[in-house]
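Computed from heavy atoms alone, side chains included, the values below leave out hydrogens, waters and symmetry copies. Counting starts at 1 for both ligands and their atoms, following the listed order.
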Amino acid sequence: MRLTDEQLASFRRDGFYNVGRVFDEAELAEIGGEYDRLVTTDSQTLGNDRDGRYPYRAMMQFRSPVLRSYINHPALIELGLQLVGPDLRCWWDQGINKSPGAGSHIDWHQDNGYQSGSLPEYLTFWLALDDSDLENGGLLVVPGSQASGLRAHELRGVHWVISDIDESGADEPGAVSLEAKAGELLIFSSLLVHKTVGNHSADRQRRAWVIQYARGDASNAETGELYDNRAWVARAGQRVEEPWSERRFDLAHNALDEG
Ligand SMILES: O=C(O)CCC(=O)C(=O)O
């Protein structure tokens, strides 16, 4: 699918857009099944003991051939080609299940804040596998914040967070709730300022599969590293049938992942 001119203008202005459903019921059931197998408390948890922990799993594309087959799904690639450019690598993916009662939040950040050096702006897909809102750990975003570029981040625990936002819970001026229904796909700029709140519901899990795409020539302006360990999913405007990379991705030495 491609965004219309109006949708594109909205995305460029706000830094996010809810594109609705791009997967059918059978695909969502297949993704959900693999997700539930992989994103468990036996994998890794995020959050803290006081507020409640929840399951997390990084780079599921390397843990499940089924999920890997979705990272070059035609619907995602068409959007990636439209929004990022003709050469695309899958930069990162992760499963985050804010389970009921897990009150820990993920503080204000921009996804680019997780990289040392400077990686060009990239594209985040946030696939809601359950309805998501502010009761069950959903997203708060600051519309238009991507236009001001990358803010300074600092590492708190395993998360990179915007340094000059205090953690008192006060929300950024202009922040709005970005809700999604199960099966809907949100897209946002890697420079969009956002956070997710804790899940304060009694029985509503909030599963999301986050998949990110960067330009094929993305390199780190500070370190010079070429990200050729990220899988090609499109080249010269064409979807790649079998994602591949020049260099192996090392699961054991990557942020947020304990191997
Ligand atoms: O889904 C979440 O709870 C956090 C998502 C997020 O902030 C991110 O992927 O950058």
Side-chain angles (χ1 to χ4, degrees), residues 15-18 31-32 35 38-39 41 43-48 51-61 67 71 76 90-115 119 121-143 145-146 150-151 153-162 165 167 171-172 175-201 204-214 254-257:
F16 63 87
Y17 194 79
N18 183 338
I31 292 169
Y35 186 104
L38 289 167
V39 188
T41 47
S43 52
Q44 187 181 347
T45 58
L46 296 180
N48 59 60
D51 299 319
R53 294 185 162 274
Y54 52 89
Y56 170 81
R57 198 101 208 225
M59 286 301 217
M60 301 205 289
Q61 61 186 275
L67 292 180
I71 66 168
L76 301 185
C90 183
W91 169 254
W92 186 260
D93 81 86
Q94 58 190 7
I96 304 171
N97 181 358
K98 292 273 184 76
S99 38
S104 301
H105 63 278
I106 295 180
D107 222 326
W108 291 107
H109 65 281
Q110 296 162 294
D111 291 341
N112 273 84
Y114 275 78
Q115 278 80 56
L119 181 74
E121 182 178 10
Y122 54 96
L123 180 67
T124 294
F125 288 118
W126 198 93
L127 176 65
L129 295 171
D130 302 296
D131 292 354
S132 166
D133 52 46
L134 291 186
E135 188 202 33
N136 71 340
L139 283 153
L140 278 167
V141 301
V142 182
S145 51
Q146 81 289 350
L150 183 62
R151 292 167 65 174
H153 284 64
E154 65 188 31
L155 190 60
R156 293 194 201 141
V158 294
H159 293 293
W160 286 90
V161 304
I162 295 175
I165 295 181
E167 260 193 289
D171 281 328
E172 272 288 274
V176 298
S177 163
L178 178 55
E179 298 188 356
K181 295 282 177 210
E184 288 180 343
L185 183 73
L186 304 175
I187 53 175
F188 45 88
S189 156
S190 61
L191 290 171
L192 182 73
V193 172
H194 64 283
K195 75 182 266 184
T196 57
V197 300
N199 185 337
H200 300 291
S201 74
R204 300 176 57 217
Q205 67 177 351
R206 196 240 61 191
R207 296 169 302 160
W209 186 25
V210 180
I211 320 168
Q212 298 172 320
Y213 296 89
N254 273 282
L256 289 184
D257 189 60

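Numbered from 1 in the order shown, with element, the atoms of ligand 1 that lie under 4.0 Å from a heavy atom of V210 read 9 (O). Ligand 1 places these atoms under 4.0 Å from at least one heavy atom of Q94: 8 (C), 9 (O). Below 4.0 Å from some heavy atom of D111 lie the following atoms of ligand 1, by number and element: 8 (C), 10 (O). Counting the atoms of ligand 1 from 1 in the order shown, those under 4.0 Å from a heavy atom of K98 are 3 (O). Those atoms of ligand 1 that come under 4.0 Å of a heavy atom in I106, given as number and element, are 3 (O), 4 (C).
Close N/O approach between Q212 and ligand 1 is not found [any backbone or side-chain N/O within under 3.5 Å].
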Mind running side-chain contact (heavy atoms from CB on, under 4.5 Å) on L127 and I211 for me, showing each step along the way? CA-CA 8 Å; L127 176 65; I211 320 168; 5.7 Å; no
Which is it for Q110 and V193 under the side-chain contact (heavy atoms from CB on, under 4.5 Å) test, yes or no, and what are the steps along the way? CA-CA 5 Å; Q110 296 162 294; V193 172; 3.8 Å; yes
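Protein heavy atom nearest atom 6 (C) of ligand 1, with residue, atom name and distance: H194 NE2, 3.7 Å. The protein heavy-atom contact nearest to atom 1 (O) of ligand 1 is R206 NH2, 2.9 Å.
Residues Q61 and C90 meet the side-chain proximity criterion, which asks for heavy atoms closer than 4.5 Å. Considering only heavy atoms from C-beta on, Y213 comes within 4.5 Å of L76 through its side chain. Between W91 and Q115, the closest side-chain pair of non-hydrogen atoms falls below 4.5 Å.
Using 4.0 Å as the threshold, Y114 has no heavy atom nearer than that to any atom of ligand 1.
With hydrogens and angles left out, the side-chain atoms of D111 and H194 include a donor and acceptor closer than 3.5 Å.
Of the heavy atoms in K195, none comes closer than 4.0 Å to ligand 1.
The side chain to side chain donor-acceptor pair (under 3.5 Å) test with K98 singles out one residue from D130, N199, T196, and that residue is T196.
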